[in-house]
Amino acid sequence: MPSVCLPDGSSRVISPGLTARELAESIGRKLAQAAIAAVVDGEVRDLSAPLPETENTKVKLLTDRDPEALEVLRHSCAHIMARAVVRLFPGSQLAFGPALENGFYYDIESPTPIREEDFPRIEEEMRRLISLEEPFERFERPVEQARELVRDMGQKLKVEHIDEDLARFPSLSFYRQGEFVDLCRGPHIPHAGKVGAFKLMSLAGAYWKGDAGRQQLQRLYATAFFSQKDLDAYLKQLEEAKKRDHRVLGKQLHLFTISPLAGPGLILWMPKGALIRGLLEQFLRDELVRRGYDPVYTPHVGRLEMYRTSGHFPYYRDAQFPPLYHHPAASALDLLQYRLASGPLDEAREREMGLFLSQASLVIPGYTEAKTPAAKLEATARQAAEILRLHSINLPDFDRAVGSEAQAKALLVWLERQEGYLLKPMNCPHHIQIFKAVQRSYRDLPVRLAEFGTVYRYEQTGELSGMTRVRGFTQDDAHLFVTPEQVEEELRANIELVRFVLKTLGLGDYRVRIGLRAKGSDKYVGSDDDWNAAEAALLRIVKSLDMPHTAEEGEAAFYGPKIDFVVRDCIGREWQLGTVQLDYNLPRRFDLEYIGADNKAHRPVMIHRAPFGSMERFMGILIEHFAGAFPTWLAPEQVRVLPVSEKAAEYARGVEARLRAAGLRATSDLGSDKIGARIRAATLDKVPYMAVVGEKEAQSGGVAARDRVAGDLGTMGVDEFIARLDAEIRARRLPGG
RNA sequence: GCUAGCGUAGCUCAACGGUAGAGCACUGGUUUUGUAAACCAGUGGUUGUGGGUUCAAAUCCCACCGCUAGCUCCA
């Protein structure tokens, strides 16, 4: 007899064909009404689906309290939204409409573009559909019939999807709601009335199947909840996050600015922001030195030759600022060489190349008109020859070269003789030179070279955002040169360092993500043994430290496995910080070695680590985490002295001087506003402490201390006030801690 | 780079084809203040830049620059 096992441990015998809904009814009428879907053997299913006729099937009925139910609800709401759009915008083509962590979207191609002004109409239509409480009815069709069905509905994208990805399935499922039918795997809520509250959020472009080479669709973002209360709470949380936006607070509190004239994506640290950054750097540097790192400094540019050796140039050149050459012809020849070296390209890569070349303002006569890849390469070579001639560069090897490969090689020989520099995209090649400057013995290892190193990457314009996505940033970088046996210990020490520092800043809640090789792929460098050992070490460490972690195959860099740190801030948002990466590649490219105990040369393993990513990004995250109210040890202004009236101004100046002499960052506000207004100003400036002084304090020689959050702390002596702040600063106490 | 939206005083915003305005901030004055906003006055703009349409453009059109939300990318 088939039976089910319920979460409370009880089991029931069921009749064949019984659905989850009928099961719920048999348990209780209320449960049946509240049920949204069911988890059957770990899989979320419709209530209307018959339960499997096996013994001891694990069944859990989901209600609006279960997170999985919310996902089902949102997916169903995506259907309701699509239905409303199809009604209002006849001829709309539907693509995908999945649930997300905070809502859902639907990608749609409509004959008349949808605009944000249309949101109220769409929402109204959705409300009407929801009030009908129509059921979601599932049905299945063999794949051929399914294809005909979507074709007859005029849903071209769905036809494409079946042809490309779904044809291998014997049958496909659909859900019907009134006149609206959508190809969909499900599951869905029993009827539309379960949607308690929803809201259309935004409109964006998205490529069909995420492929930039395909047409762009309109993506409607929205969210849905079981109750208006939950939606309101979510919207309030968004408001809260918005108030913490580091771009807003950074402006308000004069921490940093970005000037289009200085350059988009290039952070200008204002005095207050710079002070905080300096304190953070000092804190990190002290901690690194304590843990055996050696600070170094390297310049902002490096010879192209070095980046050719490391492989950074020219392979990632579309993400780099253009190289700096002395020879006036070199930039053009460099681009032409790059084009020739790339050889014949297919259509998609040719499009990318065209974009890149036009961005670099390189015009090749006859290039665009050339029909075949070979003709394009010929045009490129002609232009190179022309430039060589104009600049009287005699290059017989190029003239003799046959084919784009040989031509590229000849040009490269010339280019390599030219003086050329690159704004550094990474610090590692420089640090490697420092490692190589001294003969290294196994006794010297690990060598840990640390630098707050500024690097430059030419991010796409649409990618730039405040301090978190920029074109120049300073990594809290270090490179560790270790023996294979030392890898595990170094990784462990690294995680412990991150753990300590993040905890100090109140970001103690985080997990690590481990990037492993994709099985059976040959794109990785390094021996299998090294990889196996390194991957096992990574997993062993996170397990032994009892840390939340996820391991993801195929997420490793081609030169080694890596760990990413993902922290959760005080309002529950996750931020990806830096990474720790093992590297077998650069030691080989730069031919690094150390002398082992056997008196033979051995190749070290490199560990790249920038656990906080960059100072810019980390600062941005801290601003949001603290909502601009930095703990006293980091606050740019720690105390503001506020004389009650001008009569106490002289005394206030004296107090300020004493605070400064004690090492506190103090100022006085001697303005003519009333004391209440100046307290308000100091509070809005997020100054942690105020020292209110009037005639009483001037007589007793004290201050009336005030905390920016707790308010009046009462009167105390100046020394007592200083001691109190000093203790807090030494302990690096956190707000509320 | 792509899609959509947006650029008005230092900041937040109004004016939406017909004389560019408010609050805050700033400056000067009055007030001499006791724990989150005293009062009065004043300064401040070639409406992102450049072109076009119009008798007339912040407003409509085009190009560029920048910003925002996504997409794509991210060694």
Practice problem: Specify the residue among A:Val693 and A:Ala319 whose closest nucleotide of RNA chain B lies further upstream toward the 5′ end. | Solution: A:Val693

Exercise. Hey, which sits more toward the 5' end of RNA chain B by its nearest nucleotide, A:Ser202 or A:Arg706?
Key: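 Nearest nucleotide further toward 5': that of A:Arg706.
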
Any-strand Watson-Crick or G-U partner of [N], both distances under 3.5 Å:
| N | result |
| --- | --- |
| B:rC74 | none |
| B:rG45 | none |
| B:rG34 | none |
| B:rA69 | B:rU3 |
| B:rC24 | B:rG10 |
| B:rU53 | none |
| B:rA15 | none |

Spacing of the [atom1] atoms in [M] and [N] (rounded, Å):
| N | M | atom1 | answer |
| --- | --- | --- | --- |
| B:rG23 | B:rG44 | C1' | 15 Å |
| B:rA36 | B:rC2 | C1' | 47 Å |
| B:rC26 | B:rC55 | P | 47 Å |

Rounded distance in Å - [atom1] ([X]) to [atom2] ([N]):
| X | N | atom1 | atom2 | result |
| --- | --- | --- | --- | --- |
| A:Ile675 | B:rA36 | CD1 | P | 10 Å |
| A:Phe321 | B:rC74 | CZ | C1' | 15 Å |
| A:Gln460 | B:rG1 | CD | P | 8 Å |
| A:Asp712 | B:rA36 | CG | P | 9 Å |
| A:Arg308 | B:rA75 | CZ | P | 22 Å |
| A:Asp211 | B:rC71 | CG | P | 15 Å |
| A:Gln216 | B:rC73 | CD | P | 13 Å |
| A:Glu101 | B:rG70 | CD | P | 13 Å |

Donor-acceptor contact present, side-chain [X] to main-chain [Y], <3.5 Å:
| X | Y | result |
| --- | --- | --- |
| A:Gln320 | A:Pro425 | no |
| A:Lys424 | A:Val455 | no |
| A:Arg609 | A:Asn494 | no |
| A:Glu535 | A:Leu516 | no |

From [options], nucleotide with atom closest to [X] side chain:
| X | options | value |
| --- | --- | --- |
| A:Thr683 | B:rG70, B:rG34, B:rA36 | B:rA36 |
| A:Lys647 | B:rU72, B:rU35, B:rU32 | B:rU32 |
| A:Arg680 | B:rG70, B:rA36, B:rA75 | B:rA36 |
| A:Ser465 | B:rA69, B:rG1, B:rC74 | B:rA69 |
| A:Val644 | B:rA37, B:rC2, B:rG34 | B:rG34 |
| A:Glu463 | B:rC71, B:rA75, B:rC11 | B:rC71 |
| A:Arg457 | B:rU35, B:rA37, B:rA75 | B:rA75 |

Give one of base, sugar-phosphate or nothing for [X], where a contact means two heavy atoms less than 4.0 Å apart.
| X | answer |
| --- | --- |
| A:Pro113 | nothing |
| A:Gly462 | base |
| A:Glu695 | base |
| A:Leu464 | sugar-phosphate |
| A:Tyr559 | sugar-phosphate |
| A:Ala704 | base |
| A:Ser672 | base |
| A:Tyr221 | sugar-phosphate |
| A:Gln576 | nothing |
| A:Gly311 | nothing |
| A:Ile679 | base |
| A:Gln215 | nothing |

Quiz item: Below 4.0 angstrom from OP1 or OP2 of B:rA69, is there any side-chain N or O of A:Arg247?
Solution: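 For B:rA69, OP1 or OP2 has a side-chain N or O of A:Arg247 closer than 4.0 Å.
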
Quiz item: Reckon A:Arg115 has a side-chain N or O less than 4.0 Å from the OP1 or OP2 of B:rG5?
Solution: yes

Quiz prompt | A:Lys209 bridged to A:Asp211 by N-O distance under 4.0 Å | solution = no

Self-check item: Distance flag, aromatic centroids of A:Phe356 and A:Tyr338, threshold under 6.0 Å
Solution: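 Close enough - the centres of the two rings lie under 6.0 Å apart.
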
Quiz item: Do A:Gln581 and A:His608 meet the criterion of a side-chain donor-acceptor pair at a distance under 3.5 Å?
Solution: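 There is no such pair between these side chains.
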
Quiz item: Between A:Arg74 and A:Phe104, is NZ or CZ placed under 6.0 angstrom from the six-membered ring centre and within 45° of the ring axis?
Solution: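 Verdict for A:Phe104: no cation-pi partner in A:Arg74.
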
